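Whatever order the structure lists them in is the order used to number ligands and atoms, beginning at 1. No experiment lies behind these values; they were computed from the predicted model shown.
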Amino acid sequence: EGLMRPHNAPRVAYYHPKDVGNYHYGERHPMRPHRMELTNQLVLGYNLHEKMTMHSPRKATETELLEFHDNDYVDFLKRVTPKNAQNLTKDWTKFNVGDDCPIFHDLFSFCQQYAGASLAAARKLSSNSTDIAINWSGGLHHAKKGEASGFCYVNDIVLAILELLRHQPRVLYIDIDIHHGDGVQEAFYLSNRVLTVSFHKYSADFFPGTGNLSEIGSDLGKYFSLNVPLQDGIDDESYISLFKSIMEPTITTFQPSSIVLQCGADSLGCDRLGTFNLSIAAHGECVRFIKSFNLPLLILGGGGYRQSSVARCWTYETGICLGLKLNNSLPENCNYKEFFGPDYLLHPPLTGKIQNLNSKKNLEKIRIIIKEKLRYLNG
Ligand code: VJV
Ligand code: CA
Ligand code: ZN
């Protein structure tokens, strides 16, 4: 292998669907696929492509999407265009498309691209051809079997986990996006082969409204869904300490054969939709902690609604996967450098802190309740 990689450092495979940054949800829509292009350019600017294998995955086929999704839904995604959408208004309600999940130009190709990348990444891990696989265009955790939800159309995470389960007994799914990972939880709610853990803001008026502590899975899957409901403004210290004290015993008890980590960047401070206070360093510390267990690891994107922060965060985390320390000054020669002004730093100082509504007492209560649930895992 001709890569310049320190002895001992993991093999990392990076999946970037070509052109994934060129899709548009619409003029004022918060989701901007262009953030993937920004991320990719920053990754190249730091020369990280010289230290990992770079892949332009093929699109997922219809058959591959049907491993999870309903036939009529995939058929709808394949046929619908902004032009014929008006004639299909009956299907809009059924498949939940509209403001959050608009019909845009080449929507189906977009879905095939990000799902194809997560599938290729999962196959690479399954064949033990890499230690870590990264797809920042994936992580669309809200999509359901038969409908779109919360900016997500096909659930690349569920598809990737199903692929891993073909070769491995147990998969751990961890979700640090500020929204509840409802689509993945629902898909594996009855299974004891996939343990899902989501950290999220939980309140009646915050999307999607699920993810209460009391949602624990059912039947064989009872105790195999964990939810960590949080309030506005959680800070680095409380988040990291809660994350580690929950994930350490979860991994030791469940003993997964691989881990899928959804790294939604809307849990960062200054996000346009999110209301947490996490720094990029803290978000990355969660990735570093999970990596330290040295299990096959699939790293996915997700939310993130300030493009410059998303690109910084996911570049920093690509560096963490490689075991590298990146210079805080952004690289001299980097496309789109103007997006990162006025400071041009990888870790700009956080501004506009939101009041932390998570009391020490409440976080302690959550920690204790979750640890109690983990006791049931071994039967
Ligand atoms: O809160 C909601 C649902 C509504 C109905 C639809 N309107 C547009 C918004 C309120 C109840 N949806 C959330 C969905 C969040 C999805 C997060 C996805 C992820 O990060 O977890 C993973 C990728 C929501 N919050 C904000 C908006 N929707 C929003 C949607 C828009 C918009 C402004 C805000 C759609 C179009 C336009 N502006 C022009
Ligand atoms: Ca989450
Ligand atoms: Zn989100």
Using only N, O or S atoms, tell me which atom of His179 is closest to the Zn ion (ligand 3). ND1
Tell me which donor-acceptor pairs under 3.5 Å the side chains of residues 97-111 have, and how far apart each pair is, sequence neighbours excluded?
{"from": "Ser109", "atom 1": "OG", "to": "Lys59", "atom 2": "NZ", "distance (Å)": "3.2"}

Are the aromatic rings of Phe151 and Tyr305 close, with centres under 6.0 Å apart? yes
The Ca ion (ligand 2) to nearest N/O/S of Ser198 below 3.0 Å: yes
Can you tell me if, anywhere in Phe199, an N/O/S atom lies at a distance from the Ca ion (ligand 2) that is smaller than 3.0 Å? yes
For the rings on Tyr25 and His34, is their centre-to-centre separation under 6.0 Å? no
Given the Zn ion (ligand 3) as the apex, I'd like the angle to OD2 of Asp266 and OD1 of Asp177, rounded to 10 degrees. 100°
With the Ca ion (ligand 2) as the point of reference, which N/O/S atom of Asp177 is the closest? O
Residue pairs, two or more places apart or on separate chains, that pass ring-ring contact (aromatic ring centres under 6.0 Å, His included) and touch residues 35-64: Tyr15-His55
May I have the angle between Asp175 OD1 and His179 O with its vertex at the Ca ion (ligand 2), rounded to 10°? 100°
As a test of reading the model: which residues have a non-hydrogen atom less than 4.0 Å away from ligand 1? Arg28, His29, Pro30, Met31, Asp99, Asp100, Leu140, His141, His142, Gly150, Phe151, Asp177, His179, Phe207, Asp266, Leu273, Gly302, Gly303, Tyr305
Quick one: do Arg35 and Asp271 make a salt bridge, cutoff under 4.0 Å? no
Any residue meeting ring-ring contact (aromatic ring centres under 6.0 Å, His included) with Phe276, in chain and number order, not counting sequence neighbours: none
Closest approach of Glu248 and Thr252, non-hydrogen atoms and distance? O-OG1, 2.6 Å
Lys/Arg-Asp/Glu bridge criterion (N-O < 4.0 Å) met for Arg123, Glu163: no
Do Glu285 and Arg288 meet the salt-bridge criterion of a basic N to acidic O distance under 4.0 Å? yes
